[in-house]
Amino acid sequence: MVDIIKLLPDHVANQIAAGEVVQRPASVVKELLENSIDAGAQNIKLIVKDAGKTLVQIIDDGKGMSDTDARMSFERHATSKITNADDLFNLTTKGFRGEALASIAAVAHVDLKTRPEGSDVGTHIMVEGSKVIEQSPCATPKGTSLAVKNLFFNIPARRNFLKSNNVEMRHIIDEFQRVALAHPDIGMQLYHNDGELFHLATGNLKQRIIGIFGGKTNEKLVPVDEETDIVKIGGYVVKPEFSKKTRGEQFFFVNDRFIKSAYLNHAVSAAFEGLLPDRARASYFLYLDVDPGSIDINIHPTKTEIKFDDEHALYAMLRSTVKHSLGQFNIAPVLDFERDQTLDTPYNYKDKFAAVPKIQVDRTFNPFDNVAPPKKGAQRPDYEKPDTQGWEQLYEGLRKELPQGEESKVTYESEQVTGSLFQGKGATSRNELGTSFAKTDATTYQLQNKYIVTTIKSGMVVVHQHRAHQRVLYEELLKNITLASSVSQQLLFPLALSYTPSELALLTQLKEGLENTGFVFGAVKDDALEVTGIPTALTEAEVPIIIEQLLSDLENEVPDVGFSQTDALAKSMAKSMAVKSGEPLDATSREHLVNSLFACKEPTVSPGHRTTFVTISSDELERKFQ
Ligand code: ADP
Ligand code: MG
């Protein structure tokens, strides 16, 4: 038989191997940043064009390379960082595999200029798809400049696989932030298409966090500091009241290397237990320093996971340290910081004045007047129960104040209901969806503050209020955005909302769509976006929440243009503007919602494709009662 096994040519092997290291432009950014840091750079400038698809360039003032090293650096397994296998267990550098540059050079056009200190001339090397096409002396500042152009030029399938510029840029910003947070002592800049996204001066950790996430972050941080035999823990956690529902800044660094660890994240979350509102996530910037010999960073190709010798002990320590910090800085549980009360007001109350409850207060009452002397060792003094007779009177004023029609939701399931359950009285029937819906004056009821029950000719219908409202708002928003037909209310005092540079970049992309819904934006000053007008359907208090939701919904996938962007915007806004389950609705709002739902183009499902209502026919009911 003929022999068929052959060694792959180098450039093919390199291309295959590159797949592991270089998945997208952000992987290049990560490798280059790490190399600059390993080279002892004090200042690093990152220049990106077209989200890295056209160019990723890094300029550092590190130690540079000799001409031989410069040439060697593109060979596979060429590294200055380890010399034998034992070094693997004592890593102090970011890189150690010696394959980043070889991999990058296999799938891009690379232009390297480098000069070590003490050398008069530098070296210029150009590599295209693993082939060195030029090597010559050149004049260049001390340090290294490495430009990676036309990534995946020779692997079209991979290039096509890249996501939109927004998504790829998001990944690049993530990598940049991770490295920047690990090294506040290094000055770092990021440019995208000639615009400066970050300009981070050297400073301490707090200054770096603020530099990245904006000035308002300062008041949100609680320091964490603990040192034990096996680990030193430092950094900051974000006060619970500033936690975010859907998204948080969660950063772990182990020996200055960003890592992901669901296990350690759990430890921090456990420390926050009881302090966070529902579904909110703790935000943190935590730095663990451990003996490099006690970890194995070799288990994951992109190196964001680490194996610890004693993860269990680390968990316990982390949890108690964070808990201690939260306690020490007086972070008492805040009961209702989660939502702004104004949002809970049902629509018909919005413009009404609150009635002053008629409650008599005995200002001279002192619960301790009758206190028996504390028993020895008792935790709390027992005191005599106050006289509770006649307590009902306290509520008298309140009851009479109930607006007309409000009793109906209290008396649901009572006798009154049965009379009108099966016919909408005098209703104009409409033939929608095969059900003839009795419009307008059919009585509506609210069930569990979640469903609206009403009648149709053929039986009854149960509407999911939150989903139904989402559908109504979604179609309205879509129309407004597309036709740019919405009205806005001018704010007397413009809002200034703080965002991180990357969030601002995202909002800029969405600006046009948002303006079509009724937002009017002023200037961006420092890290604050000025909002001068808002859609008429919104209150000022809702605006930050809606934008926050928008940012988190679209964080990773802003469609570039056109319909899908409009669609995503409308979906997200409808979600946050819709009445929630649990909100009581008065008769007018209920009726209005049901009517608007059935006037929708696609009333049966929410924008997220969930069922908005179910019908139960008279026949079905009949059968149940047989
Ligand atoms: P690794 O970082 O794992 O050693 P790389 O392929 O990333 O492998 O880099 C190969 C070598 O090139 C490094 O070990 C280092 O000696 C040199 N090098 C890479 N980038 C720089 C830089 N910015 N400044 C100085 N030397 C560098
Ligand atoms: Mg490297």
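Every number for a ligand or one of its atoms is a count from 1 in the order of the listing. Please read these numbers as outputs of a predicted model, since none were measured by experiment.
- Residue-level proximity to ligand 1 for T79 is carried by backbone and side chain together, each with a heavy atom below 4.0 angstrom.
- Of the possible polar contacts, one joining the R208 side chain to the A180 backbone as a donor-acceptor pair under 3.5 Å is found.
- Taking distance alone, with nitrogen or oxygen atoms compared against 3.5 Å, L101 approaches ligand 1 more closely than that limit.
- At least one heavy atom of M65 sits less than 4.0 Å from an atom of ligand 1.
- Annotation: F285 is not in aromatic contact with Y236 [ring centroid separation under 6.0 Å not met].
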Review point. Would E99 and V21 satisfy side-chain contact (heavy atoms from CB on, under 4.5 Å), going step by step from the backbone distance to the final call?
Key: CA-CA 8 Å; E99 52 188 7; V21 185; 4.1 Å; yes

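- Ligand 1 is never approached by G62 to a heavy-atom distance shorter than 4.0 Å.
- One side chain, K216 or S498, offers a donor N or O that lies under 3.5 Å from an acceptor on the other.
- For the residues A100, S80, P116, the heavy atom positioned nearest atom 14 (O) of ligand 1 is part of S80.
- Between G98 and ligand 1, at least one pair of N/O atoms sits closer than 3.5 Å.
- In summary, N35 places an N/O/S atom under 2.8 Å from the Mg ion (ligand 2), meeting the contact criterion.
- When heavy-atom distances to ligand 1 are checked against a 4.0 Å cut-off, D38 has no atom that comes that close, whether in backbone or side chain.
- Remark: the T228 side chain and the E226 side chain contain no N/O donor-acceptor pair separated by less than 3.5 Å.
- Judged purely by distance below 3.5 Å, without hydrogens or angles, the side chains of Q135 and T123 never pair a donor atom with an acceptor atom.
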